[in-house]
Protein chains: 2
Amino acid sequence: MQAKEPRAQFHRAPADERRLALIEACAATLARKGVHGTSVREICATAGVSPGLLRHYFSGIDELVADTYAAIGAQVQAALNDAVEAADPTPEARLIAYLTASFAPPIADADLLSTWLAFWSLTRTDAKIARLHDEIYAENRITLERLLDAHAPGSDHRLTAIALTALVDGLWLELSLGNAPFTPDEATALAARWLAALLPRI
Amino acid sequence: MQAKEPRAQFHRAPADERRLALIEACAATLARKGVHGTSVREICATAGVSPGLLRHYFSGIDELVADTYAAIGAQVQAALNDAVEAADPTPEARLIAYLTASFAPPIADADLLSTWLAFWSLTRTDAKIARLHDEIYAENRITLERLLDAHAPGSDHRLTAIALTALVDGLWLELSLGNAPFTPDEATALAARWLAALLPRI
DNA sequence: TCTCTTGTTATACAACCGTATAACAGGGAA
DNA sequence: TTCCCTGTTATACGGTTGTATAACAAGAGA
């Protein structure tokens, strides 16, 4: 004699709220389970929602992943901008703040890196993710070039921005990947040193 | 009336050869299809072999992926060492050769990066991959420290090695990810500049 | 030429995948 | 309080996943 299970209770949420919850669950799942372990069912379980609901808000899992990349990218850029605004208002302090924010929370975060790595790897497979990657990195580069121009007006900062981004990314990567044989403070000092080498005092 | 298909022809290969073929097929599949698209059947199809054979040489797909990481890691390290040996025998030339080899084939390669990104992302999920990552990066760091010590004996090169590795990794990443707004030559020049800044002439 | 080992294929299996569909019920509108 | 819309759940489907198993045949040894 099998008693029929009653249908689970639920509550109706505003569309924005549900979309955000699914995006956050997607990011968390990518971080904790990797690309391989991220499925519709896993994401929806994390969001505390039945699997079918995903397709009520997104055309499919690929769209959710892309939207998640866009959201996380905007979130990182916002954290970088916050660090700049919180710094002393001199051009140099703002520049240093932008560069070294990557070595402190919320950017130096193991889960964020895991999610980011998943996106990087998808870049080679998924054309939409690749396009988002280009947009996100272009915006980051433009912001950095603007800060460089405020500090040392007039010259072309394209290569300088590339050089700084590469070092910061490399340090952030090893730092957040775990077991890195250096501290955030050392990373900060290296970034400042690289900046000084690239922009010698006139 | 269905004619029974005859069983496919095959030839028996030495164990080493088959293992290598499967490892190469695994790397190629990770590069072209990503983690998501890499399955037992896909790998074996690439290797031109029936799906069951994978488990004759490896305990499962996870072991094959780990062995592939080890093989690719050794291959990269060998390419770096080759570049050093091909350089002029001065300590400085050997050091520069080691650093800039990442911006030329076979290391600056889109497929290699794709595979490498897949491994990076697995680092957070798979403990065996994480251990391999630590070993590979430790060996890379030790080699670099040795080259640094030959060039500037006596001092502690731990942080210098970290700084150089981070910049080279960051440049290699953006370069191989595609659409990078800089050339391999510019990357080489930046690496040399960073080295000069870190090791000022006495 | 024949035999025997074993590398290889073929097939089966349960579990999972993303998606489609229909039944249900939460909760605002009347 | 009642109604009705629709956000949500439940279930089903075909396809794919990793792995287990048995049948087969390649090719070396006798």
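Numbers restart at 1 for each chain; the letters A, B, ... are given by sequence-line order, proteins then strands. Quick note: numbers below take in every heavy atom, side chains included, and nothing from hydrogens, waters or symmetry partners.
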side-chain hydrogen bond (donor to acceptor under 3.5 Å, both in side chains) contacts touching residues 57-66 of chain A (sequence neighbours left out):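 Sorted pair list: A/Ser59-A/Glu63.
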
Per the side-chain hydrogen bond (donor to acceptor under 3.5 Å, both in side chains) rule, what does the pair list look like for residues 180-196 of chain A, sequence neighbours excluded?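 The answer is A/Glu186-B/Arg158.
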
If you take any heavy atom closer than 4.0 Å to DNA chain C, which residues from residues 21-51 of chain B end up in contact?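 Output list: B/Arg41, B/Val49, B/Ser50.
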
Among residues 115-125 of chain A, which contact DNA chain C at a heavy-atom distance under 4.0 Å?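 Contacts with DNA chain C under 4.0 Å: none.
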
Per-pair distances, 0.1 Å, donor-acceptor, side chain in residues 76-83 of chain B, under 3.5 Å, sequence neighbours excluded:
from: B/Gln77; atom 1: NE2; to: B/Tyr98; atom 2: OH; distance (Å): 3.1
from: B/Asn81; atom 1: ND2; to: B/Gln77; atom 2: O; distance (Å): 3.3

Using salt bridge (charged side-chain N to carboxylate O under 4.0 Å, His left out) as the criterion, list what pairs up with B/Asp67, not counting sequence neighbours.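 Partners of B/Asp67 by the salt bridge (charged side-chain N to carboxylate O under 4.0 Å, His left out) criterion, ordered by chain and then number, come out as B/Arg19.
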
For B/Glu17, what residues pass the salt bridge (charged side-chain N to carboxylate O under 4.0 Å, His left out) criterion, not counting sequence neighbours?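 Counting only residues at least two positions away or on another chain, B/Glu17 forms no salt bridge (charged side-chain N to carboxylate O under 4.0 Å, His left out).
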
Would the distance check show the side chain of [X] and the main-chain N or O of [Y] forming a donor-acceptor pair, the cut-off being under 3.5 Å?
X: A/Ser176; Y: A/Leu113; result: no
X: B/Thr123; Y: B/Phe119; result: yes
X: A/Asp126; Y: A/Lys128; result: yes
X: A/His157; Y: A/Ala152; result: yes
X: A/Thr115; Y: A/Ala27; result: yes

Considering every strand and a 4.0 Å limit on heavy-atom distances, what is the contact class for A/Ala15: base, sugar-phosphate, or nothing?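 No contact at all - A/Ala15 keeps every heavy atom at 4.0 Å or more from the nucleic acid.
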
Strictly below 4.0 Å, heavy-atom distances to any atom of DNA chain D: list the hits from residues 55-64 of chain A, or just say none.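 Hits under 4.0 Å, by residue number: A/His56, A/Tyr57.
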
Each nucleotide in nucleotides 25-30 of chain D should get exactly one letter: B, S or -. Can you fill that in based on protein heavy atoms under 4.0 Å? BBS---

Could you pull out all residues at least two apart from B/Tyr137 that satisfy ring pair (Phe, Tyr, Trp, His ring centres under 6.0 Å)?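 Only B/His133 meet the ring pair (Phe, Tyr, Trp, His ring centres under 6.0 Å) criterion with B/Tyr137.
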
Global bending angle along the helix from C/dT1-D/dA30 to C/dA30-D/dT1, which compares the axes of five pairs at either end, to 10 degrees: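 For the helix from C/dT1-D/dA30 to C/dA30-D/dT1, the axes at opposite ends meet at about 0°.
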
In whole angstrom, what separates B/Glu17's CD from C/dG7's C1'?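 Result: 13 Å.
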
Send over the distance from A/Leu53 CG to C/dA22 P, rounded to a whole Å.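 Distance check: A/Leu53 CG to C/dA22 P gives 18 Å.
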
Taking all heavy atoms of B/Leu22 and all of B/Ala47, pick out the closest pair and write down the distance.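 Between these two residues, the closest heavy atoms are CD2-CB, 4.0 Å.
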
Around atom CZ of A/Arg32, are there more than 12 heavy atoms from other residues, nucleotides or ligands closer than 6.0 Å?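 Result for CZ/A/Arg32: open.
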
Considering residues at least two apart in sequence or located in another chain, which fulfil the side-chain contact (heavy atoms from CB on, under 4.5 Å) criterion with B/Ala21?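 Not a single residue meets the side-chain contact (heavy atoms from CB on, under 4.5 Å) criterion with B/Ala21.
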
Which word best sums up how the rings of B/Trp120 and A/Trp120 line up, parallel for under 30°, tilted for 30 to 60°, or perpendicular for over 60°?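 Plane angle between 30° and 60°, so tilted.
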
